[in-house]
Amino acid sequence: MPKNVSRLLIANGERLLKDALKDMGRHLEQPTRRAFLQRSLSLGGLSLLSGCSIVDEESVEAALMKVSRFNDKAQAWLFDPNRLAPTYPDSMITRPFPFNAYYDEDEIREVDEQAYRLEVTGLVADKHPWTLAELRALPQADRITRHICVEGWSAIGKWGGVPFGSFLRRIGADLSAKYVGFKCVDDYYTSIDMPTALHPQTLLTLTYDGQPLPPRYGFPMKLRMPTKLGYKNPKYIQAIFVTNTYPGGYWEDQGYNWFGGS
Ligand SMILES: Nc1nc2c(c(=O)[nH]1)N[C@H]1C(S)=C(S)[C@@H](COP(=O)(O)O)O[C@H]1N2
Ligand SMILES: [Mo]
C-alpha cells in the first residue's frame, strides 16, 4: 500500500475528527480534548477507546462512531484481497492456546453434535441446513496463523476446515452482497465484509491442531480469519447469513471498530 495514500487517509480522518469535535461544542475541558485527540489520531487506535470514561458523553460517542465508520471505509479500501497473512511452522504453535470469550471458561456452551445443524439464510440460493458430517465431507485445508486479541495478547494456532469462499460459492451466495453475518450458540454475533469472507485464508474451521474443535475453541465451528482481530472470529457458529443490511456485532455495537483488520 503506498505510504502517501495512507497518509492522505489519516489526514482526512483527522479533519473529520476535528470537525466532529467542533460540533460538540464545549462539553469537554481542554486537556481532556487534547488527550482524546492524541489517542484517536491513528487508524486502528480508535477501537481501543471503548473503555474510556468520556464515552458517556453522547456527542463524543457520536463523534467516535463517525470516525470509526470512516476507519471502516479506509480499511476496506486498503484491504488487499490477495495479500496473505503470515503462516508459521508447527513448532511455533502456542501451547496451551488461550481461551477467551465474554464469559468465563466454566460457562462454555456444549453443543450436541447429532442435533446440530448450521443454518444458512439471506442472499443465498441453497438454504438447506448443514450437518457436521456434510461439512466434513467438503474439501478441507489447514493453516497455522497468529490470532491477535485487542485485550493485549496474541497466539499462534492451527485451524482446519472448509475455505469459506468455496463454501459461499457452493451455497450460491450473492458474492456482490456487502456483509456476511454470524449468530452464535452463546448469543455472540458479528459480521464481516464480503472481500474478507472470500479471502483465500478465511476458513470455516472444524478442527483445532488436527482434532475436532474442542468446546473451548468454539465447537462445532469457528470462522478463522488471520486478516482480522480476535473478536471478528466467531466461535460456536449457529447461523450464517448474507445481507446488504449492516448487522453489527457483540463488541462492535459497544464501540469496537467494525472492520477490525489487523
Ligand atoms: N461465540 C463467540 N465467539 C467469540 C467470542 C465469544 O465470546 N463468543 N470472543 C471473541 C474473542 S474477543 C476472541 S479473542 C476469540 C478467542 O478465541 P479462542 O478462545 O479460541 O482463543 O474468540 C472470539 N469469538
Ligand atoms: Mo478478543
Side-chain angles (χ1 to χ4, degrees), residues 44-51 68 75 85 87-88 92-113 116-120 130 132 135 142-162 164 179-193 196-197 199 201-241 247-262:
L46 287 161
S47 54
L48 300 172
L49 279 164
S50 63
S68 194
Q75 289 185 72
T87 53
Y88 302 87
M92 284 184 73
I93 294 175
T94 307
R95 298 179 196 280
F97 192 86
F99 161 84
N100 196 26
Y102 67 91
Y103 43 81
D104 291 333
E105 251 183 285
D106 56 2
E107 289 170 57
I108 290 175
R109 311 299 193 275
E110 298 267 350
V111 173
D112 174 37
E113 166 155 4
Y116 178 83
R117 299 286 182 278
L118 172 68
E119 296 154 37
V120 179
W130 291 72
L132 279 177
L135 290 165
D142 57 38
R143 252 162 232 126
I144 302 175
T145 54
R146 183 184 293 277
H147 172 117
I148 301 167
C149 174
V150 289
E151 286 170 38
W153 56 271
S154 84
I156 293 171
K158 180 177 177 177
W159 291 270
V162 183
F164 196 46
Y179 310 105
V180 182
F182 301 86
K183 289 182 202 153
C184 306
V185 172
D186 59 359
D187 297 333
Y188 198 76
Y189 62 103
T190 187
S191 54
I192 59 170
D193 52 294
T196 299
H199 185 275
Q201 287 173 315
T202 297
L203 292 178
L204 190 59
T205 66
L206 303 167
T207 67
Y208 181 77
D209 204 9
Q211 303 299 319
L213 206 63
R216 49 197 270 110
Y217 303 141
F219 182 84
M221 204 177 305
K222 166 174 179 162
L223 190 79
R224 176 65 197 132
M225 296 166 284
T227 55
K228 283 208 192 292
L229 294 167
Y231 64 89
K232 300 298 300 179
N233 291 240
K235 305 193 285 185
Y236 316 102
I237 299 173
Q238 176 68 65
I240 296 178
F241 58 100
Y250 181 89
W251 289 115
E252 295 88 333
D253 292 351
Q254 299 176 56
Y256 278 35
N257 173 256
W258 177 76
F259 195 88
S262 58

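Each ligand, and each atom within it, is numbered from 1 in the order the structure gives. For the single chain, residues carry numbers from 1 onward in sequence order. The structure displayed is predicted, hence computed values, not measured ones.
Remark: Arg224 is not positioned above the aromatic ring of Tyr217, lacking an NZ or CZ atom under 6.0 angstrom from the ring centre and at most 45 degrees off the axis. Within the cation-pi definition used here (under 6.0 Å to the ring centroid, within 45° of the axis), Lys183 qualifies as a partner of Phe241.
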Dump the pairs for me: ligand 1 N or O, protein N or O, distance under 3.5 Å, to 0.1 Å.
| from | atom 1 | to | atom 2 | distance (Å) |
| --- | --- | --- | --- | --- |
| ligand 1 | 1 (N) | Asp186 | OD1 | 3.0 |
| ligand 1 | 1 (N) | Asp186 | OD2 | 3.0 |
| ligand 1 | 1 (N) | Lys235 | O | 3.0 |
| ligand 1 | 3 (N) | Lys235 | N | 3.0 |
| ligand 1 | 7 (O) | Tyr102 | N | 3.0 |
| ligand 1 | 8 (N) | Asp186 | OD2 | 2.9 |
| ligand 1 | 17 (O) | Lys222 | NZ | 3.4 |
| ligand 1 | 19 (O) | Asn100 | N | 2.9 |
| ligand 1 | 19 (O) | Asn100 | O | 3.4 |
| ligand 1 | 19 (O) | Lys235 | NZ | 2.5 |
| ligand 1 | 20 (O) | Lys222 | NZ | 3.4 |
| ligand 1 | 21 (O) | Pro98 | O | 2.7 |
| ligand 1 | 24 (N) | Asn233 | O | 2.8 |

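Residue Tyr179 forms a ring-ring contact (aromatic ring centres under 6.0 Å, His included) with just one option from Tyr189, Phe259, Trp258, and that option is Trp258.
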Donor-acceptor pairs under 3.5 Å, side chain of residues 149-157 to any protein atom, not counting sequence neighbours: which ones?
| from | atom 1 | to | atom 2 | distance (Å) |
| --- | --- | --- | --- | --- |
| Glu151 | OE2 | Asn100 | ND2 | 3.4 |
| Ser154 | OG | Arg146 | NH1 | 2.8 |

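Annotation: salt bridge (charged side-chain N to carboxylate O under 4.0 Å, His left out) contacts of Glu119 (sequence neighbours excluded): none. The side chain to side chain contact (heavy atoms under 4.5 Å, CB included) test applied to Asp106 returns Asp104, not counting sequence neighbours.
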